[in-house]
Amino acid sequence: MAEKKNAVRVEEDNYTHNIDRNNERSLDRRGFMKTLVGAAGVFAVSSLPWGTIAAKELMGLADKEYPEHKIADIKDVKVGDSVEFHYPSEHDSAVLIRLGENEFVAYQNACTHLRCPVYWVKDQQEMVCPCHHGKFDVKTGEPTAGPPRRPLPEIIVKAKQGSVFAVRVKRYEA
C-alpha cells in the first residue's frame with residue numbers, strides 16, 4: 001500500500017509532531033506544586049521586612065505622643081454639654097463631653113463600624129451613630145447597640161489652668 005502524500009503518522013497525530021521534546025522539561029502535578037510552593041516561599045520571605053515594619057508602626061500607635069492641644073475653657077462647657085474639636089490632626093474629628101463638675105471624656109467621633117460621625121445626645125446621655133443606629137457608652141466608649149463591635153478611640157484629656165487639654169490618643173490597646 002502506498003503512503004499518502006502529507007499523511008500524518010499515527011504516533012505524531014497530536015498536532016505537536018514538530019516540537020523537539022528531547023530538550024524540553026516536563027512539568028507534572030508534583031513538579032507544578034513544588035514550583036508553586038517555592039514561589040510562595042520566596043514571596044513570603046521577600047515581604048517579611050515590610051510586614052515587620054508595618055507591625056512595628058501599628059504597635060507604636062498606642063504609645064505615640066502628640067503635642068497637647070487646648071480644647072476649651074472649663075467655664076465655657078456646662079455639665080452635660082459637648083464640644084467638637086480636632087485631634088491629633090486637623091483631619092481627626094473628636095468630641096469632648098463634660099459629665100460632671102470635674103469629669104471630662106473625649107473620643108474620636110468616627111464610628112468604628114463604617115466611620116460615620118458619632119454625636120453626643122444630651123437628653124439620652126449616650127453617643128449615637130445615625131448611620132446604622134449604633135450607640136456607645138459615654139463613660140467607656142464601648143458599643144452598646146447596633147453593628148459597631150469596637151470601642152471608640154479615647155482621647156486622654158486633662159484639666160489645668162482653667163482649660164481642658166487633649167494629651168494623647170488611647171488606641172489599639174486591649
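- Nearest approach of Ala44 to Ser47, heavy atoms of both residues: O-OG, 3.2 Å.
- Taking CD of Glu142 as the reference point, atom CZ of Arg150 lies at 11.5 Å (rounded to 0.5 Å).
- The minimum heavy-atom distance linking Ser93 with His86 is given by the pair CA-ND1, 3.7 Å.
- Rounding to the nearest 0.5 Å places NE2 of His133 at 9.0 Å from NZ of Lys135.
- For Lys78, the NZ atom is loosely surrounded, since the number of other residues' heavy atoms within 6.0 Å does not exceed 12.
- Side-chain contact between Phe136 and Val118: present, with at least one pair of heavy atoms (C-beta onward) separated by less than 4.5 Å.
- For the pair Val167 and Tyr87, the tightest heavy-atom approach, listed with the atom from each and the gap, is O-OH, 2.8 Å.
- Note that OG of Ser89 and NE2 of His69 are 10.5 Å apart. Values are rounded to the nearest 0.5 Å.
- Side chain of Tyr107 to main chain of Leu152: no donor-acceptor pair is present (N/O by atom type, distance under 3.5 Å, no hydrogens or angles).
- Between Thr144 and Asp137, the side chains place no donor N or O within less than 3.5 Å of an acceptor N or O (distance only, hydrogens not considered).
- With sequence neighbours excluded, no residue satisfies side chain to side chain donor-acceptor pair (under 3.5 Å) with Gln124.
- Under the side-chain contact (heavy atoms from CB on, under 4.5 Å) test applied with Arg98, the options Val105, Ile74, Asp81 reduce to a single match, Ile74.
- SG atoms of Cys111 and Cys116 are separated by 2.5 angstrom or more, inconsistent with a disulfide link.
- At a threshold of 4.5 Å between side-chain heavy atoms, the hydrophobic network of Ile, Leu, Val, Met, Phe, Trp and Tyr places Tyr66 and Phe104 in one connected group.
- The minimum heavy-atom distance linking Ala72 with Val77 is given by the pair CB-CG2, 3.9 Å.
- Note that the CG atom of Asn109 and the CG atom of Leu96 stand 11.5 Å from one another [nearest 0.5 Å].
- A 4.5 Å side-chain heavy-atom check between Arg29 and Met33 finds every atom pair outside the cut-off.
- For the pair His132 and Pro147, the tightest heavy-atom approach, listed with the atom from each and the gap, is O-CD, 3.3 Å.
- Between Gln125 and Val138, the closest side-chain pair of non-hydrogen atoms is not below 4.5 Å.
- Side-chain atoms of Val95 and Met127, non-hydrogen and from C-beta on, do get closer than 4.5 Å to each other.
- Remark: Ala94 engages Phe85, Ile155 in a side-chain contact (heavy atoms from CB on, under 4.5 Å) (not counting sequence neighbours).
- Within the model, atoms CD of Glu154 and CD of Gln108 stand 11.0 Å from one another, a figure rounded to the nearest 0.5 Å.
- Side chain of Ser163 to backbone of Lys70: no donor-acceptor contact under 3.5 angstrom is found.
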Are Val157 and Ile71 close enough, and set up right, to give a side chain to side chain contact (heavy atoms under 4.5 Å, CB included), and what steps lead you there? CA-CA 9 Å; Val157 295; Ile71 301 170; 3.9 Å; yes
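- Side-chain N or O atoms of Trp120 include none that pairs as donor or acceptor with a backbone N or O of Val83 at under 3.5 Å.
- A 4.5 Å side-chain heavy-atom check between Thr112 and Cys129 finds every atom pair outside the cut-off.
- Nearest heavy atom pair, residue Ser82 against residue Ile97, reads CB-CG1, 4.0 Å.
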